[in-house]
Student: 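Below are the structure tokens for one structure; questions will follow.
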Protein chains: 2
Amino acid sequence: MNQSKRYLDIVRDLRDMIRQDNIRPGDRIPSERELAETLQVGRSTIREALRSLELLGLIETRRGEGTFLADHRNNMLVEVLSTFILQDNQSQKDVRETRQMHELAAIQAICADRTISQMGIWDGFRMRLSEEENGFQREDFVRELMVLSGNRLSLKIWVLLHKYSGNPYNGTVSKAEKERLLNILAAIEQQETDKAAQEFKTWSDGLLKERLRNDS
Amino acid sequence: MNQSKRYLDIVRDLRDMIRQDNIRPGDRIPSERELAETLQVGRSTIREALRSLELLGLIETRRGEGTFLADHRNNMLVEVLSTFILQDNQSQKDVRETRQMHELAAIQAICADRTISQMGIWDGFRMRLSEEENGFQREDFVRELMVLSGNRLSLKIWVLLHKYSGNPYNGTVSKAEKERLLNILAAIEQQETDKAAQEFKTWSDGLLKERLRNDS
DNA sequence: GGTTATTTGTTCGTATGTATC
DNA sequence: CGATACATACGAACAAATAAC
């Protein structure tokens, strides 16, 4: 009958209470002891619910003062969670664009940093491009760019978006692509940011069009 | 330094423990009593941290069995969230940089689209900037730019990052800022992409420095 | 400025439901 | 079945921060 997690019931009760009493952001919520009394649960249980909501950023507690509804103009966490999973056509387009946004930003970050843009690793790329046997994986190339940008959060977001954007980098580079990639590498080494980004974008867009043509 | 909110320290400790011991999704986490023993805190504090992570979907607890790292195969948001809910210094820097990355991309997208960049809405901005009574909210300005970019996914990510990046846009625009914002608007209307992006970046970086100075 | 009441922060002991062996 | 390990839950107690007087 009863769910085996009372603190989740408290979370629900708190939401209902906030709606029913029309508690606005910044307003104070009844104290922990008061809530324990009215909801007929222990104070520890109340605290588990409050701490959870606090980590989510929904409430704010100040020692000696009380608990307050967070000043969140846009609290879309739950909505974001649901809409992330529902993928319509517009969402897929957004995913592709956002993924490429992160890629271009990574290239710009690399070009801006002399110690990275002129490191010896690019020779390693060229070596691997030359080995025709294995076939150089497009995906590895882009991922290493993301890693080199140094922004781990951006890398993480990119990995997620890449999974959901139809994997345009699947496969190995052709001879024509090889030339283009070498151009991109040269531009990066010369710190020609705009040129590097533009060349990359052209390459990426071309792969995407090819991918969409094959799917239809 | 971190005297208050010990459960947040526990959240951090748990992340480190999971990384160090290489705990994979589905694996079991040490029991509450065991954690309380090793981390030298009360069991209630451990529970507050665990309940918070559970509500986020990062862990899963089963009565009589134990606590397990959540198996989040189909939930990409959870991974994004976990990256910056469990924050270290590098993560905070990444969050700020990634947020600005989305903002600059939004401006570039707006400039690239003639129908948007030359719409009448910019006059609305100027009107609201002129009304000195209310005080124009910086946050609203940036958010509307994100909305106008037309990428809903980028907007959602921005909303999330904005919450966790120290809210640099808190407050209203000063007279000096007003001039700068008008310059940005003019550059957008003229489709001067680079200038608009550069002006915006200068403005944003300035706010961030001010924010960091006040915090210390 | 000092005192007191209120509130959150934290710990501990105890009891109970549940799964595993 | 019993024994054990674990999560769930309660409530008392004290510490620390804050507000009101």
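What you see is a predicted model, and the numbers here were worked out from it, not measured in a lab. Each chain gets a letter, A, B and so on, in the order the sequences are listed, and its residues count up from 1.
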Student: On DNA chain D, nearest-nucleotide positions of B:E34 versus A:Y7: which is more 5'?
Tutor: B:E34
Student: Under 4.0 Å from OP1 or OP2 of D:dA5: is there any side-chain N or O of B:S31 that close?
Tutor: no
Student: Taking the side chain as every heavy atom from C-beta outward, state whether B:D140 and B:R128 have any atom pair closer than 4.5 Å.
Tutor: yes
Student: Please report, rounded to the nearest Å, how far the C1' atom of D:dA9 is from the CG atom of B:L50.
Tutor: 15 Å
Student: Using a 3.5 Å distance criterion without hydrogens, assess whether the side chain of A:R138 forms a donor-acceptor pair with backbone atoms of A:N170.
Tutor: yes
Student: Just grab all the salt bridge (charged side-chain N to carboxylate O under 4.0 Å, His left out) pairs involving residues 25-36 of chain A, residues at least two apart or on different chains.
Tutor: A:E32-A:R43, A:E32-A:R47, A:E32-A:R51
Student: Mind checking salt bridge (Lys or Arg N to Asp or Glu O under 4.0 Å) for A:E37 and listing every partner two or more places apart, or none if nothing turns up?
Tutor: none
Student: Among D:dC6, D:dC10, C:dT8, which nucleotide has an atom closest to any side-chain atom of B:R28?
Tutor: D:dC6
Student: On DNA chain D, does the nearest nucleotide to A:R62 precede the nearest nucleotide to B:T67 from the 5' side, or the other way round? Give the residue.
Tutor: B:T67
Student: Please report, rounded to the nearest Å, how far the C1' atom of C:dT7 is from the CG atom of A:L35.
Tutor: 12 Å
Student: Grab the CD1-C1' distance between B:I59 and D:dT8 for me, whole Å please.
Tutor: 14 Å
Student: Can you tell me the distance, in whole Å, between the CD atom of B:E54 and the C1' atom of D:dT8?
Tutor: 11 Å
Student: Across the strands shown, which category fits A:R47 at heavy-atom distances under 4.0 angstrom: base, sugar-phosphate, nothing?
Tutor: base
Student: Find the distance B:I46:CD1 to D:dA7:P and express it as a whole number of Å.
Tutor: 11 Å
Student: Write down the distance between CZ (A:R6) and P (D:dA7), rounded to a whole number of angstrom.
Tutor: 19 Å
Student: Expressed as a whole number of angstroms, how long is the span from A:E60:CD to C:dT8:C1'?
Tutor: 13 Å
Student: How does each nucleotide of nucleotides 12-21 of chain C score, in 5' to 3' order, for protein heavy atoms under 4.0 Å: base (B), sugar-phosphate only (S), or none (-)?
Tutor: B--B-BBS--
Student: What is the distance, rounded to the nearest whole Å, between atom CZ of A:F68 and atom P of C:dT6?
Tutor: 16 Å
Student: Going by the rule salt bridge (Lys or Arg N to Asp or Glu O under 4.0 Å), which residues pair with B:E179 if we only count those two or more places apart in sequence or in a different chain?
Tutor: none
Student: Any side-chain N or O of B:T45 less than 4.0 Å from the OP1 or OP2 oxygen of C:dG9?
Tutor: no
Student: Name the atoms and distances for all side-chain donor-acceptor pairs under 3.5 Å in residues 198-208 of chain B, with sequence neighbours left out.
Tutor:
| residue | atom | partner | partner atom | Å |
| --- | --- | --- | --- | --- |
| B:E199 | OE1 | B:R180 | NH1 | 3.4 |
| B:K201 | NZ | B:D205 | OD2 | 2.9 |
| B:T202 | OG1 | B:Q198 | O | 2.9 |
| B:W203 | NE1 | B:E177 | OE1 | 3.0 |
| B:S204 | OG | B:Q100 | NE2 | 3.2 |
| B:S204 | OG | B:Y169 | OH | 3.0 |
| B:D205 | OD1 | B:Q100 | NE2 | 2.9 |

Student: With sequence neighbours excluded, tell me which residues meet salt bridge (Lys or Arg N to Asp or Glu O under 4.0 Å) with B:D123.
Tutor: B:R126
